[in-house]
Each structure stands twice: as structure tokens, then as C-alpha cells.
Amino acid sequence: MSFPTSPVTNLLIESLPTIVRNKLLKRCTLVDWVFGYMVYDVDQIYEHVYFPVTGFISLLTLVADHHPLEMGLVGSEGMLGVDRVLGVNYAPMQSVVQGTSTPLSMTAEQFQRSLLDCPGLSTLLMRYVHV
């Protein structure tokens, strides 16, 4: 799919100033995922980061002799791969799509460039990590 047009329903992206938001959106593409798609496995390198527009992504941790435990959800309020803002380049947990999902996708390299040339993005994402 091509890069998205407004309105975008990812709250992180929507909270950016218009100029910064548009610059970021030009680096994004929309993708479609189906239920059960594993986006990342534990310790897998983040090749892309994702800003869900619809659907949810479960963050799962593996426990010996037990089913995976859900540690969190990422939906349209957040971002998958936000660890990259902290300098962590790999997934600490499995991430699995719940239902159908349409996220905005950006390569890890584009994301790193965006942190440098999109004022306020880094601060916003650090606050997201804190919350």
C-alpha cells in the first residue's frame, strides 16, 4: 500500500505537530495483518517499527512449562518497536496480532532518521515508554 493520508488514527502520530506528523507519514506505508501473525519473536532484530491504526498486537513472554503470558497490548495508542528509541534493536517479547490489524510501517533505518530530524518525536516516545 502507499503512504497514508489524514486522518490517521494512531494517537501517537496524531499528537505530533502537523509538520512533523506529515514528515513522519511520508516515511510510512500501511500494511494488513491477519489474526495470529507473529510480527516478532523473542530476540529478533527490529527491521521495522509499527504504529497500529486498527487492531491489537499482544506482547507475550515465554515461560517454561506454561503457555505464553500476555504482558501487554499495543493498539492505536502506541507503537511496536518503541524499544529502538532506547537503543534496543531487538524484540524482548513475542508480538502476535490479535484479530485483523492495519499498522503504519516504517523501516528501522527510517525510524532512526526520524528521531533525528522530527522535533519532539523522541520526547513523545520516551513519555510513551514511561507510561
Side-chain angles (χ1 to χ4, degrees):
M1 295 181 143
S2 62
F3 85 88
T5 57
S6 289
V8 174
T9 56
N10 178 280
L11 298 178
L12 282 176
I13 293 176
E14 282 298 315
S15 68
L16 291 167
T18 303
I19 293 171
V20 177
R21 179 184 330 126
N22 290 339
K23 192 174 198 177
L24 190 71
L25 287 174
K26 287 181 182 175
R27 295 178 176 166
C28 292
T29 57
L30 280 170
V31 294
D32 289 314
W33 288 336
V34 296
F35 174 78
Y37 174 70
M38 185 183 300
V39 184
Y40 287 112
D41 203 353
V42 178
D43 294 332
Q44 188 175 351
I45 298 292
Y46 287 122
E47 294 180 12
H48 290 83
V49 299
Y50 300 97
F51 298 88
V53 175
T54 63
F56 292 96
I57 303 162
S58 288
L59 303 177
L60 307 170
T61 190
L62 304 177
V63 179
D65 300 324
H66 196 278
H67 293 290
L69 296 176
E70 186 172 64
M71 301 301 291
L73 283 173
V74 178
S76 62
E77 84 297 334
M79 175 188 173
L80 180 64
V82 72
D83 313 74
R84 290 204 60 118
V85 80
L86 302 173
V88 177
N89 298 329
Y90 58 89
M93 293 177 258
Q94 282 184 341
S95 46
V96 178
V97 175
Q98 299 300 320
T100 58
S101 180
T102 305
L104 295 166
S105 174
M106 177 186 300
T107 68
E109 293 79 22
Q110 289 171 322
F111 177 68
Q112 293 305 130
R113 278 195 300 275
S114 296
L115 289 175
L116 296 174
D117 60 25
C118 291
L121 179 61
S122 184
T123 302
L124 173 71
L125 294 176
M126 290 289 223
R127 287 182 181 148
Y128 173 68
V129 169
H130 173 73
V131 172

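Scope of the values below: all heavy atoms of this structure, side chains included, with no hydrogens, waters or symmetry mates.
- For P103, the side-chain contact (heavy atoms from CB on, under 4.5 Å) partners two or more places apart in sequence, or in a different chain, are V31, W33, Y50, S101.
- Every side-chain contact (heavy atoms from CB on, under 4.5 Å) that F35 has, sequence neighbours left out, goes to Q98.
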Worksheet item: Can you list the steps and then say if V53 with L104 is a side-chain contact (heavy atoms from CB on, under 4.5 Å)?
Response: CA-CA 7 Å; V53 175; L104 295 166; 3.8 Å; yes
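- Closest approach of G81 to V49, counting heavy atoms only: O-CG1, 3.8 Å.
- F51 meets the ring-ring contact (aromatic ring centres under 6.0 Å, His included) test with no other residue; sequence neighbours excluded.
- Residue V34 shares its hydrophobic cluster (ILVMFWY side chains chained together at separations under 4.5 Å) with no other residue.
- Residues S76 and T54 have side chains not in contact (no heavy-atom distance under 4.5 Å, counting atoms from C-beta outward).
- Other residues, nucleotides and ligands contribute over 12 non-hydrogen atoms within 6.0 Å of the CE atom of M38.
- Cluster membership check: M106 shares its hydrophobic cluster with L25, using side-chain heavy-atom separations under 4.5 Å among Ile, Leu, Val, Met, Phe, Trp and Tyr.
- Of the inter-residue distances, the one linking S105 atom OG with D32 atom CG reads 11.5 Å to the nearest 0.5 angstrom.
- Under a hydrophobic clustering in which Ile, Leu, Val, Met, Phe, Trp and Tyr are joined whenever their side-chain heavy atoms come within less than 4.5 Å, directly or via other members, Y40 and I57 fall into the same cluster.
- Residue pairs meeting the salt bridge (charged side-chain N to carboxylate O under 4.0 Å, His left out) criterion with at least one partner in residues 34-51, sequence neighbours excluded, do not occur; the list is empty.
- Residues satisfying the side-chain contact (heavy atoms from CB on, under 4.5 Å) test with H66, not counting sequence neighbours, are V63, L69.
- Here the CG atom belonging to L73 is positioned 11.5 Å from the CG atom belonging to L80, to the nearest 0.5 angstrom.
- Rounding to the nearest 0.5 angstrom, the gap separating the CZ atom in F111 from the CG atom in L121 is 5.5 Å.
- In the hydrophobic clustering, L116 connects to no other residue, as no ILVMFWY side-chain heavy atoms lie under 4.5 Å from its own.
- Within the structure, the salt bridge (charged side-chain N to carboxylate O under 4.0 Å, His left out) test picks out the following pairs touching residues 106-118 (sequence neighbours left out): R27-D117.
- Here the closest heavy-atom approach between residue G75 and residue N10 is recorded as O-ND2, 4.3 Å.
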Would you be so kind as to tabulate the donor-acceptor pairs closer than 3.5 Å made by side chains of residues 82-89, with sequence neighbours excluded?
| residue | atom | partner | partner atom | Å |
| --- | --- | --- | --- | --- |
| D83 | OD1 | Y46 | OH | 2.7 |
| R84 | NE | Q112 | OE1 | 3.2 |
| R84 | NH1 | Y46 | O | 3.2 |
| R84 | NH2 | N89 | OD1 | 3.4 |

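- In plain terms, the two heavy atoms of L59 and M93 that are nearest each other are CB-SD, 4.0 Å.
- Residues R21 and T18 have side chains in contact (heavy-atom distance under 4.5 Å, counting atoms from C-beta outward).
- The two residues E77 and L12 have their closest heavy-atom pair at O-CG, 3.5 Å.
- Residues passing the ring-ring contact (aromatic ring centres under 6.0 Å, His included) test with Y90: none are found, sequence neighbours excluded.
- Atom OG of S95 and atom CZ of F56 lie 15.5 Å apart (nearest 0.5 Å).
- Grouped with V42 in one hydrophobic cluster are L62, the linkage being side-chain heavy-atom contacts under 4.5 Å among Ile, Leu, Val, Met, Phe, Trp and Tyr residues.
- Note: Q110 CD to C28 SG = 7.5 Å, rounded to the nearest 0.5 Å.
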Worksheet entry | Stepwise side-chain contact (heavy atoms from CB on, under 4.5 Å) check, K23 with L16 | CA-CA 10 Å; K23 192 174 198 177; L16 291 167; over 6 Å; no
Can you give me every donor-acceptor pair (side chain of residues 122-131, partner residue at least two apart or in another chain, under 3.5 Å) with its distance?
| residue | atom | partner | partner atom | Å |
| --- | --- | --- | --- | --- |
| Y128 | OH | M79 | N | 3.4 |

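- Distance CD/E70 to OG1/T61: 12.0 Å, rounded to 0.5 Å.
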